[in-house]
Amino acid sequence: MASIARAAALRVPVTLWMLFLVYAIARASTCSTCDNEPEDNELLQVREAGMSETKVEVNIKENTSGTSSPDSLSFRVIPVNLIRPTFFKARPKKVVVTMFGAGTRAAVGATGQLRALNAMGLLKEADEVITAWGGSLATSIFAYAKGKTKEELLGNETAESLGSLDMATIQKPPGGILGRAVSPLFPYIAWAVGLGVPPREGLEAALGGNWLCPFNLNGKLPNYKLASLFARLCGDGLAKHQVWTTSKKRLQWIKERNPDLDVTDALTLNGNLKSINIISTLFSPQGYKPNGTSFVTMRMGPDFCGSPYYADQQNVDYEPFNESAPLLKDVVVGGGLVETFACLSTKPPKSPFEQAGRRKGFTEAEMEDGGVFSLQKAIGMSNNDLGLLGVTPNGTALPSLLAGVKVYGGIVRDFGWPSDFPDYSEAFAKDPYLFQSTGNYWPVAGYAKASQGDIGEKSYYVGQGGSVEGAGLIEAIRGGADCVLALTNTQYPLEDPGDVDFCAVPSKFTDNPSLLIVPADEGGPPLGIVQSFYEYFGLAVPGKLFEFTFDYSNNQIFDTSLLFSLFCDAQKLKKDGKPVVVYREYTTLKNRHWGIEAGKRVKIVFSWVEKSSNWEEQLPNETQQAINNGTFDSVGNRRGFPYLRSLNGTSIPPPAGDIAALAAGQANLYASLAEWSLRQNEDKLKTCMGVP
Ligand SMILES: *[C@@H]1O[C@H](CO)[C@@H](O)[C@H](O)[C@H]1NC(C)=O
Ligand SMILES: *[C@@H]1O[C@H](CO)[C@@H](O)[C@H](O)[C@H]1NC(C)=O
Ligand SMILES: *[C@@H]1O[C@H](CO)[C@@H](O)[C@H](O)[C@H]1NC(C)=O
Ligand SMILES: *[C@@H]1O[C@H](CO)[C@@H](O)[C@H](O)[C@H]1NC(C)=O
Ligand SMILES: *[C@@H]1O[C@H](CO)[C@@H](O)[C@H](O)[C@H]1NC(C)=O
Ligand SMILES: *[C@@H]1O[C@H](CO)[C@@H](O)[C@H](O)[C@H]1NC(C)=O
Ligand SMILES: *[C@@H]1O[C@H](CO)[C@@H](O)[C@H](O)[C@H]1NC(C)=O
């Protein structure tokens, strides 16, 4: 274990970005729009949203005062119980794209991948995009930004004009989504810290300011009008928690049940994506330790939010951080969904949802102070790994983080904010998850009487979507997908065949595949645990990964032996200078933890963004030269382009470069490589998706 901790410490800078990174009196008994009600099974929006906005008469009473604060919300709940064990039914298509991966690099890669899918006409074939971490930044802007074309958001296609990517062109600061990737995030964090924003809300505010604000998608920003840094970017943009939902039709439906709710600036899908499912993780109640048994993913979609599934298919216990506090026992987690605007935003309902004589599935509950659940909060949570700060070995992560913040002390002072940063050591002693986002959660299951146990409301740590699985495959499969495009944007290269040749695997690894995930000094490969997708083949460190909050050890859904041939194909493609995209059809193994049955056939496209000579050769000579002389490498990263680090990914050392942002050349080239890789593999994507 000691050496795993050591390996983890070495990787700290890398992981740092991730740091950042029913009164159930259903009152709908007199429902005036029942005929228009969206159905329960629209989690993939296949019927409602389509690719263009649903045309409905919208007649919303506008409350121009904008300060309406109803003290209760009326919303829909979907318990998952014996009567309705699933809601993923009756869907004509089951194609899911997953976009995970940490930090700005992943946001940039996702942008290129969206470009490619759009160019091939395949976006409309995807029922849902499941995303976490950096991928959620790009996809939610693409799905919600108004008044901009797809090209303005994603940037121009490059796959057929690689020769035009000369040095002058690629170093121009890009616009749209990539423009946010090259914009420094740390001034916002410094600003938030300086303003005294509570530690657990700092990242959310910074992401809202840097990524969402220019698209008017941000939620409430602290002291918004006073903060010139934000005002400069956001102009007179909004600074309130907007309702975000699927369509104007659903918005109207929400408004009719909640006449006091301010929906004047509500966000509805712009038609670029059918649906988006942002993933975060419900870790544990505040003051208690999260672990792999009790974690559960939260889906945060435009329609419904929460965990339909139970943690480990059972009630769970939590150990306190403070040993003198009692164990929390028999806690119900999961078991249903609520409409997203009410997610983590209301007190628990007072009695069951489904009462005799009332319409099923509606509830009314008192609103919490935070107001409705915003897109900004969803993104803040999906990217927030700051829980790591207090639990990294010897607290190594916090000083690095604060060093990043302090770089901007000067800038912050220019804006009139204090330069002294709080000393968090005492607070950490009480709560090592001090920087983790939190939300008040109560399980739907309990109130639907689907489950016995502790159903009380608790303040939960809610964070990073990649904590439970690394690529979204399980979330897709258990949601009913039969084709998954699993698009990664990792910072690690595929294993070098000189280290582990997957086409001629040394018997030490075939006999004992778990050696692939131990440090080099224990017989593992030189780079240690670096691969995407291993977890799905049963390779993950039990209990924890990198000593932090991740646990992928419950995630085996395919036979371990399949891994060798998958990675053999990947290594061959890379050796030939081709884009590394591999198509497979697999049959699932039973996975009790996730409730996955054995024997389900799944088609999967595994996609990596790897160094490719075929791509490089088409670039102008000077750009090729620059790639190979290290111009676009992350500072101090011997792996080179395209293996940009999740944090400190920039090629420009701070203070000129931001430790979260990338340089323009890096963003343009990485997006282009990610785009081109998919474009070269149209046949594989279409085979998976069932498109002729
Ligand atoms: C608009 O909001 C204000 C402030 O909360 C409230 O007093 C008023 O009743 C609302 N008007 C309507 C028409 O909902
Ligand atoms: C993108 O393409 C459009 C139309 O071809 C062109 O007018 C525009 O200048 C291009 N933008 C960039 C940044 O190259
Ligand atoms: C998580 O904690 C609970 C409660 O202490 C315990 O029962 C369970 O075995 C733990 N799981 C892991 C993977 O450590
Ligand atoms: C943590 O501190 C202990 C005691 O000072 C030391 O032995 C250990 O190597 C440190 N671990 C890391 C990961 O730095
Ligand atoms: C742990 O709990 C005890 C008893 O409630 C309390 O006295 C002590 O201050 C707590 N320790 C921390 C670090 O919060
Ligand atoms: C790029 O370099 C190659 C080999 O050095 C040379 O043959 C080719 O003409 C160059 N292309 C351009 C456009 O300069
Ligand atoms: C790398 O190559 C580019 C393109 O030729 C050039 O502009 C740059 O100065 C070179 N950098 C170094 C460090 O050699």
Side-chain angles (χ1 to χ4, degrees), residues 1 4 162-172 281-297 310-334 387 390-391 395 423-434 453-454 458-461 467-469 535 538 540-556 591-594 616-638 640-641 650-653 656-657 663-666 668-669:
M1 260 3 230
I4 289 177
L162 295 177
S164 67
L165 298 177
D166 56 54
M167 291 297 276
T169 301
I170 60 173
Q171 309 229 35
K172 270 189 229 136
T281 305
L282 266 181
F283 286 126
S284 54
Q286 225 174 316
Y288 290 84
K289 295 179 189 171
N291 76 21
T293 307
S294 52
F295 280 180
V296 50
T297 54
Y310 298 97
D312 204 34
Q313 306 240 331
Q314 61 187 348
N315 292 359
V316 294
D317 300 337
Y318 296 106
E319 285 169 32
F321 286 121
N322 184 339
E323 279 162 14
S324 53
L327 197 69
L328 264 187
K329 290 183 80 79
D330 202 25
V331 179
V332 181
V333 187
V391 292
D423 174 0
Y424 295 109
S425 31
E426 217 171 293
F428 269 128
K430 290 201 162 55
D431 184 357
Y433 278 59
L434 189 66
D454 177 353
K458 293 172 184 60
S459 171
Y460 269 78
Y461 302 118
S467 303
V468 195
E469 64 161 325
E535 60 191 283
V541 178
K544 53 191 155 187
L545 180 61
F546 307 159
E547 291 282 334
F548 303 142
T549 58
F550 306 172
D551 189 326
Y552 294 167
S553 65
N554 298 310
N555 298 359
Q556 179 163 19
N591 181 315
R592 200 202 62 84
H593 178 87
W594 289 86
E616 283 181 26
E617 283 160 7
Q618 297 179 60
L619 299 170
N621 279 357
E622 52 169 5
T623 307
Q624 292 183 39
Q625 211 169 56
I627 287 175
N628 290 304
N629 74 12
T631 298
F632 304 112
D633 295 2
S634 297
V635 173
N637 185 5
R638 65 190 161 80
F641 185 88
T650 182
S651 57
I652 308 165
Q666 293 177 298
N668 282 318
L669 286 176

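Both ligands and their constituent atoms are indexed starting at 1 by order of listing.
Of the N or O atoms in Tyr318, none lie within a sub-3.5 Å distance of an N or O in ligand 3. Polar contact check, Thr293 against ligand 3: a nitrogen or oxygen pair lies under 3.5 Å apart. For ligand 3, the polar-atom distance check against Asn291 finds a nitrogen or oxygen pair separated by under 3.5 Å.
Pro290 pairs in a side chain to side chain contact (heavy atoms under 4.5 Å, CB included) with only one of the listed residues (Tyr460, Phe283, Tyr318), which is Phe283.
Contact atoms of ligand 7 toward Glu622: 4 (C), 5 (O) (distance under 4.0 Å to a heavy atom of the residue). For ligand 3, the atoms sitting less than 4.0 Å from at least one non-hydrogen atom of Glu319 are 4 (C), 5 (O), numbered in the order shown with element in parentheses. Residue-ligand proximity, Asn629 to ligand 7, at heavy-atom distances under 4.0 Å covers atoms 1 (C), 2 (O), 3 (C), 8 (C), 10 (C), 11 (N), 12 (C), 14 (O).
Checked against a 6.0 Å centroid threshold, the rings of Phe321 and Tyr288 do not count as neighbours.
Within the model, atoms OG of Ser651 and CZ of Phe641 stand 10.0 Å from one another, a figure rounded to the nearest 0.5 Å.
In terms of modelled atom types and a separation under 3.5 Å, the side chain of Asn554 and the main chain of Gly292 share a donor-acceptor contact. No donor-acceptor distance shorter than 3.5 angstrom exists from the side chain of Glu535 to the backbone of Tyr552, with no hydrogens or angles considered. No side-chain donor-acceptor contact under 3.5 Å links Asp330 to the backbone of Gly453.
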N/O to N/O under 3.5 Å, ligand 5 against protein:
| from | atom 1 | to | atom 2 | distance (Å) |
| --- | --- | --- | --- | --- |
| ligand 5 | 2 (O) | Asn322 | OD1 | 3.4 |
| ligand 5 | 2 (O) | Asn322 | ND2 | 2.3 |
| ligand 5 | 2 (O) | Ser324 | OG | 2.9 |
| ligand 5 | 11 (N) | Asn322 | ND2 | 2.8 |

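The aromatic rings of Tyr461 and Tyr433 sit tilted relative to each other, their planes meeting at an angle between 30° and 60°.
Asn555 and Trp594 are linked by a side-chain donor-acceptor pair at a separation below 3.5 angstrom, with hydrogens and angles left out of the test.
Residues satisfying the side chain to side chain donor-acceptor pair (under 3.5 Å) test with Asn322, not counting sequence neighbours, are Ser324.
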